[in-house]
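Input: a single structure, listed below in C-alpha cells.
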Amino acid sequence: MTKGKPLNEEQRDEIREAFELFDGDRDEFIDYHEFKVAMQALGFDQKKSQVHALIQKYDQQTTGKISWDDFLEIMTEMILAQDPKDEVLKAFKLFDSDETGRISFKNLKQVARELGDEINEQELHAMINEFDSDKDGEISQQDFLKIILGPDNV
C-alpha cells in the first residue's frame, strides 16, 4: 500500500463519509461520476483522464466501478502524498486577498470579520506583532509557514 505514516482516524472517517455519500445503492461500489465527485469532496480535483486511469488500474472485474477497498487505498495514497507546505500556502492565499504575498492588518481584519470573530483591533495587531519576524507590520509566507508547521518544519 503506501509508505510513511498511516492515516489518522479523522482522515479515514472523511474518506468513508465521502464514499458513502455517493454510494447511493449501498453496494460498496461507485461509478466514474460518483468517484470523481467523491474525490473532489476530499479536495482532489482530478482530470477526466486521471479518473479513468485510476478506474482502469483498480477495476479488476471491468465493471467501470471502484470498490470501497480500492477507494480507500487510492485516497490514502493521495492524502499521504500531499505536501503539507502546499496546503498551508493555499490557506495563506485565503488571507492574502490583495495578493501582495503578505498578510496585512487589513487582510487579517477582513478574514476575522468574514468568520464572524469579534476580535478587536488591538488583538489583531498583537497577533501580527507576535509572528512578524522582520517587524514590517505584516505576516510573510515564511512567517505563516512557521506559525502553522512550526519553525523546525519549514
Side-chain angles (χ1 to χ4, degrees), residues 1-26 28 30-55 66 68 70-154:
M1 194 158 170
T2 51
K3 297 175 181 157
K5 64 179 182 165
L7 292 178
N8 63 40
E9 190 174 333
E10 182 181 340
Q11 290 169 313
R12 190 178 164 92
D13 289 346
E14 285 178 17
I15 293 171
R16 179 48 116 168
E17 287 173 22
F19 185 88
E20 288 177 351
L21 184 62
F22 298 102
D23 180 19
D25 59 3
R26 303 284 180 248
E28 295 287 307
I30 54 176
D31 66 20
Y32 163 82
H33 297 287
E34 296 162 338
F35 181 39
K36 185 167 177 38
V37 177
M39 285 194 299
Q40 287 174 332
L42 292 168
F44 296 94
D45 194 13
Q46 303 292 304
K47 293 181 176 156
K48 186 176 184 177
S49 60
Q50 294 169 308
V51 177
H52 281 297
L54 285 168
I55 290 174
I66 291 289
W68 156 246
D70 291 338
F71 184 74
L72 177 61
E73 183 175 337
I74 293 165
M75 296 316 304
T76 297
E77 289 178 9
M78 292 176 91
I79 289 169
L80 294 179
Q82 286 180 308
D83 182 353
K85 247 185 210 181
D86 290 342
E87 299 306 305
V88 172
L89 291 175
K90 285 180 191 174
F92 179 85
K93 288 179 182 179
L94 296 175
F95 284 86
D96 181 22
S97 59
D98 51 6
E99 299 180 6
T100 62
R102 308 184 72 67
I103 299 171
S104 64
F105 171 78
K106 179 183 162 194
N107 296 140
L108 196 56
K109 186 175 179 178
Q110 176 184 342
V111 170
R113 187 174 50 247
E114 288 172 2
L115 293 175
D117 284 344
E118 295 188 24
I119 301 174
N120 66 43
E121 290 189 6
Q122 186 177 358
E123 291 173 308
L124 293 173
H125 280 296
M127 291 168 78
I128 289 174
N129 291 337
E130 181 177 349
F131 298 107
D132 177 16
S133 63
D134 61 6
K135 303 301 178 201
D136 67 350
E138 297 180 326
I139 303 293
S140 67
Q141 281 189 353
Q142 198 66 18
D143 292 335
F144 193 77
L145 286 165
K146 287 177 187 173
I147 294 166
I148 305 297
L149 299 176
D152 298 334
N153 297 317
V154 177

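All heavy atoms count here, side chains included; hydrogens, waters and symmetry mates do not. Keep in mind that what you see is a predicted model, and the values were worked out from it rather than measured.
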Going from [atom1] on [X] to [atom2] on [Y], what distance comes out if it is rounded to the nearest 0.5 angstrom?
X	Y	atom1	atom2	result
K85	K90	NZ	NZ	15.5 Å
S104	K109	OG	NZ	11.0 Å
I74	F44	CD1	CZ	11.5 Å
L72	I66	CG	CD1	12.0 Å

Decide yes or no on side-chain contact (heavy atoms from CB on, under 4.5 Å) for Q141 and L89, but give the supporting numbers first. CA-CA 7 Å; Q141 281 189 353; L89 291 175; 4.0 Å; yes

Salt bridge present between [X] and [Y] (N-O < 4.0 angstrom):
X	Y	result
R12	E9	no
D136	R102	yes
R16	E28	yes

Under 3.5 Å, is there a donor-acceptor pair between the side chain of [X] and the main chain of [Y]?
X	Y	value
Q110	N107	no
D117	I119	no
D143	S140	yes
D96	I103	no
E123	N120	yes
E34	D31	yes
Q50	K47	yes
R113	L108	no

List the residues meeting ring pair (Phe, Tyr, Trp, His ring centres under 6.0 Å) with [X], not counting sequence neighbours, and say none if there are none.
X	answer
F95	F144
F22	none
F105	H125

In sequence, state the C-alpha distance, the side-chain angles, and the governing distance for I139 and I147, and then conclude on side-chain contact (heavy atoms from CB on, under 4.5 Å). CA-CA 10 Å; I139 303 293; I147 294 166; 4.3 Å; yes

May I ask you to check whether over 12 heavy atoms, not counting those of K135, lie within 6.0 Å of atom NZ?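 More than 12 heavy atoms, drawn from other residues, nucleotides or ligands, come within 6.0 Å of this atom.
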
Within a strict 4.5 Å, meaning less than it, do heavy atoms of the [X] and [Y] side chains meet?
X	Y	answer
Q46	Q40	no
M39	L54	yes
E138	D132	no
I15	L7	yes
Q82	I79	yes
D86	V88	no
D45	K36	yes
M75	M78	yes

Minimum heavy-atom distance [X]-[Y], with the two atoms named:
X	Y	result
A38	I30	CB-CD1, 4.4 Å
L42	E14	CD2-O, 3.6 Å
I128	G137	CG2-O, 3.4 Å

Answer yes if the side chains of Q142 and S133 hold a donor-acceptor pair under 3.5 Å, and no otherwise.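 There is no such pair between these side chains.
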
